[in-house]
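First up is the structure itself, then whatever we jot down about it.
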Amino acid sequence: MAMNNMNLAQLMRDMKDPEMMREAKKMMEDPDFQEKMKKMAESQHFQASMKKTQDMMNDPEKVKELEAKVAKSIEDGEEQLKITDAEAAKQEEDKPATLSKSQKSRRRKAANKKKEDAPSDDAPQSS
């Protein structure tokens, strides 16, 4: 259940992120995505789930119960995400600095360029 709570909390975070929402909008405007959603909405399973949801939403007591349950799930998930974020930050701190091949290559080229640009000992010096 903790993973579902974490996913729900992450979804709530993502919905506040403008970049994520731009990507979601772009995805929803895609004709292929729209076609898949149309097919899903026409399925018997989806129709039955929607009916069940509508019935629950018509019961004010059930709505209160569900709202409380969702709020608790988000709260639990947010706590778990904080722990996960802290663990990831700790691992990042503890990880030795590793460079990709391209980063190493750029650093080597920069160091060689500095050596080429530096005056050599046998070059004439001006006073």
Side-chain angles (χ1 to χ4, degrees):
M1 189 61 148
M3 186 56 109
N4 288 339
N5 292 347
M6 279 179 52
N7 291 340
L8 182 58
Q10 185 63 56
L11 174 63
M12 298 308 288
R13 282 184 181 182
D14 291 346
M15 290 176 66
K16 295 175 185 173
D17 180 350
E19 179 62 26
M20 289 294 284
M21 296 312 295
R22 276 192 294 278
E23 288 298 314
K25 182 178 185 283
K26 190 165 69 172
M27 179 184 71
M28 288 186 280
E29 291 171 345
D30 182 318
D32 290 337
F33 177 82
Q34 291 175 357
E35 183 62 30
K36 287 177 187 175
M37 292 298 102
K38 182 179 177 189
K39 285 180 182 175
M40 181 188 74
E42 292 169 349
S43 76
Q44 291 289 355
H45 180 71
F46 182 83
Q47 293 290 327
S49 294
M50 286 302 297
K51 172 85 171 92
K52 184 177 174 183
T53 300
Q54 288 172 339
D55 291 345
M56 283 192 296
M57 298 306 280
N58 288 329
D59 179 351
E61 290 302 313
K62 192 67 172 172
V63 169
K64 285 181 187 177
E65 179 185 322
L66 291 171
E67 286 175 344
K69 187 176 180 181
V70 168
K72 176 73 170 122
S73 294
I74 292 170
E75 183 181 317
D76 292 347
E78 190 61 43
E79 286 303 313
Q80 191 62 39
L81 282 174
K82 287 177 185 175
I83 292 167
T84 303
D85 291 346
E87 289 171 353
K90 175 81 172 106
Q91 285 179 352
E92 196 63 33
E93 276 179 19
D94 294 345
K95 186 170 33 170
T98 57
L99 301 176
S100 68
K101 287 182 180 180
S102 61
Q103 289 171 317
K104 288 177 185 176
S105 175
R106 283 194 297 271
R107 286 196 177 181
R108 241 188 332 273
K109 286 178 184 176
N112 289 337
K113 179 81 171 130
K114 280 185 181 179
K115 286 179 187 176
E116 290 172 7
D117 292 345
S120 64
D121 292 337
D122 53 331
Q125 297 181 357
S126 60
S127 356

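The basis for the numbers below is simple: all heavy atoms, side chains too, and nothing from hydrogens, waters or symmetry mates. Residue numbers count from 1 along this sequence.
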Heavy-atom closest pair, residues P60 and N58: CD-O, 3.4 Å
Inter-residue atom distance M57.CE - K62.NZ, 0.5 Å rounding: 11.5 Å
Shortest non-hydrogen separation from M6 to Q80 and the atoms involved: SD-CG, 2.9 Å
Residue Q44 excluded, over 12 heavy atoms near CD under 6.0 Å: no
Closest non-hydrogen atom pair, A9 against G77: CB-C, 3.5 Å
Residue pair V63 / M56: nearest heavy atoms and the distance that separates them: CG2-O, 3.8 Å
hydrophobic_cluster_shared for M20 and M28, side chain cutoff 4.5 Å: no
N5 versus D76, closest heavy-atom pair with distance: ND2-CB, 3.7 Å
Partner residues of Q10 under the side chain to side chain contact (heavy atoms under 4.5 Å, CB included) criterion, sequence neighbours left out: R13, D14, L81
Spacing of OG belonging to S73 relative to CG belonging to L66, to within rounding of 0.5 Å: 10.5 Å
Note, D30 side chain near K26 side chain (heavy atom, < 4.5 Å): no
E61 side chain near K64 side chain, heavy-atom distance below 4.5 Å: yes
Other residues, nucleotides, ligands: >12 heavy atoms within 6.0 Å of M15 CE: no
Atom CE of M37 with >12 non-hydrogen neighbours under 6.0 angstrom: yes
Ion pair K51/D55, N-O distance below 4.0 Å: yes
Stepwise salt bridge (Lys or Arg N to Asp or Glu O under 4.0 Å) test for E78 and K82: CA-CA 6 Å; E78 190 61 43; K82 287 177 185 175; 5.3 Å; no
